[in-house]
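Working notes, structure below.
The basis for the numbers below is simple: all heavy atoms, side chains too, and nothing from hydrogens, waters or symmetry mates. All of these numbers come straight from a predicted model, not from anything done at the bench. Residue numbering restarts at 1 for every chain, and letters A, B, ... go by the order of the sequence lines.
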There are 2 protein chains.
Amino acid sequence: MEKSQPEHLKNAGLKSTLPRLKILDLFTSGQDRHKSAEDVYKQLLASGDDVGLATVYRVLTQFEHAGLLVRHYFEGGKSVFELNEGKHHDHIVCLQCGHVEEFYDTTIESRQKKVAAELGFAVHDHSLHIYADCIKTKCPHKPKGV
Amino acid sequence: MEKSQPEHLKNAGLKSTLPRLKILDLFTSGQDRHKSAEDVYKQLLASGDDVGLATVYRVLTQFEHAGLLVRHYFEGGKSVFELNEGKHHDHIVCLQCGHVEEFYDTTIESRQKKVAAELGFAVHDHSLHIYADCIKTKCPHKPKGV
DNA sequence: ATTGCAAATGAGAACGATTATCGTTTGCGT
DNA sequence: ACGCAAACGATAATCGTTCTCATTTGCAAT
Ligand SMILES: [Mn+2]
Ligand SMILES: [Mn+2]
Ligand SMILES: [Zn+2]
Ligand SMILES: [Zn+2]
């Protein structure tokens with residue numbers, strides 16, 4: 001059976017507080033996988049939940065360290081978080097509308113390991129960001145709003 | 001024959017000023033390819049050249065737009081610049097000492113294009129950063145000092 | 001060489017994202 | 001219900017970067 005949110009927090013060694021539960025809910029039941037701290041803060045306010053911005057930042061970092069979330073450093077200066085579901089993947093970001101698409105390519109992954117090994121490095125992790133324009137109709141070509 | 005620095009600036013549509021010449025020199029004759037604005041600023045001060053930090057930021061951005069430099073967004077929040085010598089490459093960053101190694105892999109490059117095309121994107125550019133530990137002796141395993 | 005003026009510079013203010021501080025509140029084991 | 005460490009929230013502080021604006025400079029035409 002599925003674990004409840006409080007259990008997830010317990011597992012992570014975090015006590016189950018209101019702000020933590022609300023923030024975790026945003027990621028597990030929200031529709032946009034990738035959220036910045038500001039996104040999270042605004043979404044909490046919008047749903048009437050009164051959580052401080054400092055708490056949002058604190059909790060996001062705690063969730064990252066606990067392995068519940070993954071942090072990405074896209075261009076643009078702000079960190080973006082998403083639920084950690086165990087499956088590593090890379091990202092393609094639309095320069096027109098900000099839409100983020102995920103992909104995984106075994107050839108790229110294995111080449112990376114090989115290249116690093118040849119250069120004498122033990123890989124911890126990596127980030128591959130492709131910046132591009134959508135050429136399909138799914139791109140509204142408008143900046144990401146609320 | 002080689003072009004002089006003032007000519008490079010002229011070509012780029014930038015008038016040849018003292019701060020610009022000094023900064024360009026740092027990149028063409030300096031030993032560390034990858035420098036942050038702060039790095040550049042400190043190196044200028046160290047060599048007795050009195051250039052304002054605002055000017056450093058302005059000039060770096062101008063050089064980027066002029067195609068003289070390339071900007072990278074590594075983790076850690078600060079932009080890093082390097083001389084644009086026309087050859088795209090990706091980077092491995094040592095988590096121990098900060099050392100940056102460059103590489104280029106045709107397989108990775110072509111897979112990226114293919115993946116993006118399949119997803120319906122026209123690629124502008126991409127960044128691939130591998131974070132790793134040196135396992136060879138070239139790694140002093142100390143944080144990058146001055 | 002001198003002059004004129006737009007372009008560039010530099011000191012410092014302002015900014016946006018994030019982190020630190022600290023008095024108050026809360027989860028939770030007893 | 002109690003007690004207390006942990007967590008919270010308002011706000012100050014920090015960090016990298018950009019903006020503002022008065023002063024200086026490159027450079028082309030005298
Ligand atoms: Mn993702
Ligand atoms: Mn490089
Ligand atoms: Zn798009
Ligand atoms: Zn190293």
Side-chain angles (χ1 to χ4, degrees), chain A residues 4-26 34-45 48-66 68-69 71-81 98 143-144, chain B residues 4-26 34-45 48-66 68-69 71-81 98 143-144:
Chain A
S4 69
Q5 300 291 41
E7 282 175 283
H8 277 121
L9 292 178
K10 279 275 159 48
N11 287 1
L14 298 167
K15 77 164 69 162
S16 161
T17 69
L18 243 40
R20 284 174 183 161
L21 289 171
K22 302 232 183 81
I23 292 173
L24 187 52
D25 275 344
L26 278 187
H34 306 91
K35 298 182 210 286
S36 68
E38 191 69 22
D39 292 338
V40 169
Y41 182 62
K42 290 219 189 88
Q43 290 179 22
L44 288 173
L45 290 191
D49 296 315
D50 204 334
V51 176
L53 181 56
T55 300
V56 171
Y57 275 102
R58 239 183 336 231
V59 169
L60 289 176
T61 303
Q62 290 164 343
F63 283 4
E64 181 196 10
H65 291 145
L68 294 173
L69 296 180
R71 179 198 299 255
H72 301 293
Y73 301 90
F74 294 150
E75 290 186 12
K78 43 179 61 173
S79 289
V80 171
F81 299 82
K144 182 175 81 175
Chain B
S4 69
Q5 300 292 41
E7 281 176 284
H8 277 120
L9 293 178
K10 279 277 160 48
N11 286 2
L14 297 168
K15 79 164 69 161
S16 161
T17 69
L18 242 40
R20 284 174 183 160
L21 290 170
K22 301 230 185 83
I23 292 173
L24 188 51
D25 275 343
L26 278 187
H34 307 91
K35 297 180 210 286
S36 68
E38 192 68 23
D39 291 336
V40 169
Y41 182 61
K42 290 220 190 88
Q43 290 179 21
L44 288 172
L45 290 191
D49 297 313
D50 204 336
V51 176
L53 181 55
T55 300
V56 170
Y57 275 102
R58 238 181 339 228
V59 169
L60 289 176
T61 303
Q62 290 164 342
F63 283 5
E64 181 197 9
H65 292 145
L68 294 172
L69 296 179
R71 179 198 299 254
H72 301 294
Y73 301 90
F74 294 151
E75 290 186 13
K78 43 179 63 173
S79 290
V80 171
F81 299 82
K144 181 176 80 172

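The shortest non-hydrogen separation linking B:Ala37 to B:Val56 is O-CG1, 3.7 Å. The two residues B:Leu53 and B:Tyr41 come nearest to each other via the heavy atoms N-CE1, 3.5 Å. The two residues A:Ala12 and A:Leu68 have their closest heavy-atom pair at CB-CD1, 4.3 Å. Residues A:Phe74 and A:Val80 come closest through the heavy atom pair CD1-CG2, 4.0 Å.
Each of B:Ser16 and A:Lys15 was matched to the nucleotide of DNA chain D holding its nearest heavy atom; the match closer to the 5' end belongs to A:Lys15. Taking the nucleotide of DNA chain D with the nearest heavy atom to each of A:Gly13 and A:Ala54, the more 5' of the two is matched to A:Gly13. For the pair B:Leu14 and B:Tyr41, nearest-nucleotide mapping onto DNA chain C gives the more 5' position to B:Leu14.
One can place CG of B:Leu53 at 12 Å from C1' of D:dC15, the figure rounded to the nearest angstrom. Between A:Lys35 atom NZ and C:dA17 atom C1' there is a gap of 19 Å when expressed in whole angstrom units. With rounding to whole Å, B:Leu21 atom CG is found 19 Å from C:dA7 atom P. Residue B:His65 contributes atom NE2, which lies 15 Å from atom P of C:dA8 at whole-angstrom precision. Atom-to-atom, CG of B:Leu24 to P of C:dA8 comes out at 16 Å; the value is rounded to the nearest Å. Rounded to a whole Å, the CG atom of A:Leu44 is 12 Å from the P atom of D:dC8. When the C1' atom of D:dA10 is taken as reference, atom CG of A:Leu45 falls 14 Å away, rounded to whole Å. As rounded to whole Å, 11 Å separates atom P of D:dC8 from atom NZ of A:Lys22.
Under 4.0 angstrom from either OP1 or OP2 of D:dG16 there lies at least one side-chain N or O belonging to B:Lys78. In this structure, B:Thr17 does not reach the D:dG26 phosphate: none of its side-chain N or O atoms is under 4.0 Å from OP1 or OP2. Distances shown here put a side-chain N or O of B:Ser79 below 4.0 Å from the OP1 or OP2 atom of D:dT17. Taking only side-chain nitrogens and oxygens, A:Tyr57 never comes nearer than 4.0 Å to OP1 or OP2 of C:dT19.
Formation of a donor-acceptor pair under 3.5 Å by the A:Asp25 side chain with backbone atoms of A:Lys22 is not found in this model.
At a cut-off of 3.5 angstrom, counting only N and O atoms as typed in the model, there is a donor on one side and an acceptor on the other between the side-chain of B:Arg58 and the base of C:dG10.
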